[in-house]
There are 2 protein chains.
Amino acid sequence: MSQNQILQSLIAENLVSDPQGARGRLLTEAARLFREKGYERTTVRDLAAAVGIQSGSLFHHFRTKEEILKAVMVETIRLNTALMQAAMEAAETPKDKLRALVRAELESINGQTGEAMAVLVFEWRSLSEDSQAEVLELRDIYEALWLDVLRTLREQKRLLADPFVVRRMLTGALSWTVTWYRPERGGLTLDGLTDQVMAMLGFPAVA
Amino acid sequence: MSQNQILQSLIAENLVSDPQGARGRLLTEAARLFREKGYERTTVRDLAAAVGIQSGSLFHHFRTKEEILKAVMVETIRLNTALMQAAMEAAETPKDKLRALVRAELESINGQTGEAMAVLVFEWRSLSEDSQAEVLELRDIYEALWLDVLRTLREQKRLLADPFVVRRMLTGALSWTVTWYRPERGGLTLDGLTDQVMAMLGFPAVA
DNA sequence: GACAATACCAAGCAAGCGCTTGGTTTGTAA
DNA sequence: TTACAAACCAAGCGCTTGCTTGGTATTGTC
């Protein structure tokens, strides 16, 4: 299943908003602004202007500003969980599965959904505690994907460190790429970056 | 030189504020609040209340709220650069130097200066562009420490990935520990965590 | 072509924000 | 004691914020 097919089926199930529609367009713009200026510094007037409506009209679609932030996060996690699941199922060996996960997460962070992913990482505290708990629950689903693969590699002695710790280190390392990795200008492609991550973990590229 | 001696000499040179003094106490409380609630959500009234003065009186010590944030960041970098330099000079082999750097950065992030370090990572965008540039310049000094060591290890083929990339991955991985590592409750000590990081990079603990 | 429901606008309210102001207290040193 | 600066207070100004309100287009349905 292609990435686009996955997106389409999630839209059909009403799990994510169509980026063409009014709601989806707002969420896309919100992600962009939240990332660029931070949630607090982005006003409802900014958000409204970005989609060409009045600030008051926002509250027809969302009850509060925070609900917009939460929607950005929830839909992003849903989409990426689905993408990761697909990427991993296509791989065979544990090493290949790990590579697929790394590559998929890098793509989430630095590709189309990058802005929303950055929001997920950096605007965490702007959510109320209740919303945080809700979002956290969704995250657990795809964290399980990682731990499965890492545990297998650990049992095969191909990984020297604890799977939990490694996953958390990778979470930090991969999401941090959003602050420095610029595929457009020069050198490192996404596959190249994936190779570097794998090499760092002791899995050299090619034979 | 002990950590305390380093702090004292920096205070003597007026490079960081004495945490006992009025200014230093404010900066400590500011770091705590900025980390806990984020810079934008922390009001000057919160800051003033934390040190027991009126909100207006803050502006006798700092011209703007942003100046407080900047001071937290600048002083933290100064202190940690000095601590890292000391930690590294005490080590001999490149591997030991790398371990010293990892351990020192983990200590910065999870120890006394942890709150300020978290602010450095997560409140970056709340600084004006000019201030960002200033702070960035200070960071470059201690980034050079890391790159030196990593380059040496790479030349010795004990590191499989590019030193620049590895450093950036480590920046993300180590600063991310602030979100999950809780030394007080259970299991992993700071040395244990350092071992895990080294193991992840292919440097197993002990022989 | 009637009629809801949906989507939006224009205006503005109440609260909270960073910061200023004018004046008082406290510390220090001759 | 006097002189003076540093440290602080009490009050509040001017602005921005998230959100509400009452009303008007636009859209889909039979």
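Order of the sequence lines fixes the chain letters, A, B, ..., with proteins taken first and strands second; residue numbering starts at 1 for each chain.
Taking both residues in full, the closest heavy atoms of B:Pro163 and B:Leu150 are given as O-CD1, 3.7 Å, listed atom of the first, atom of the second, then distance. For the residue pair B:Ser108 and B:Met117, the shortest heavy atom distance occurs at O-CG, 3.4 Å.
Base engagement by A:Ser55 is indicated by at least one non-hydrogen atom pair under 4.0 Å involving a base atom. Residue-level contact check: B:Thr43 touches the backbone only, with heavy atoms under 4.0 Å from sugar-phosphate atoms and none from bases.
Between A:Val44 and B:Gly56, the one whose closest nucleotide on DNA chain D sits nearer the 5' end is B:Gly56.
Here the side chain of B:Lys65 is nearest to one of D:dC8, D:dA10, C:dC19, namely C:dC19.
For B:Glu29 and B:Arg25, the salt-bridge test fails: no basic side-chain N is under 4.0 Å from an acidic carboxylate O. Salt-bridge formation is detected for the pair A:Arg103/A:Glu107: a Lys NZ or Arg NE/NH1/NH2 atom is positioned less than 4.0 Å from an Asp or Glu carboxylate oxygen.
For the pair B:Arg23 CZ and D:dC8 C1', the interatomic distance rounds to 18 Å; values are reported in whole Å. Summarising the geometry, the separation between CG on B:Leu58 and C1' on C:dC17 is reported as 14 Å, rounded to the nearest angstrom. The CD1-P distance, from B:Ile53 to D:dC8, rounds to 6 Å in whole Å.
The phosphate of C:dA7 (OP1 or OP2) has a side-chain N or O of A:His60 nearer than 4.0 angstrom. Close to C:dT6, at under 4.0 Å from its OP1 or OP2, lies no side-chain N or O of A:His61. For A:Ser57 and C:dC9, the shortest distance from a side-chain N or O to OP1 or OP2 is below 4.0 Å.
One can find a donor-acceptor pair under 3.5 Å joining the base of D:dG18 and the side-chain atoms of A:Arg45.
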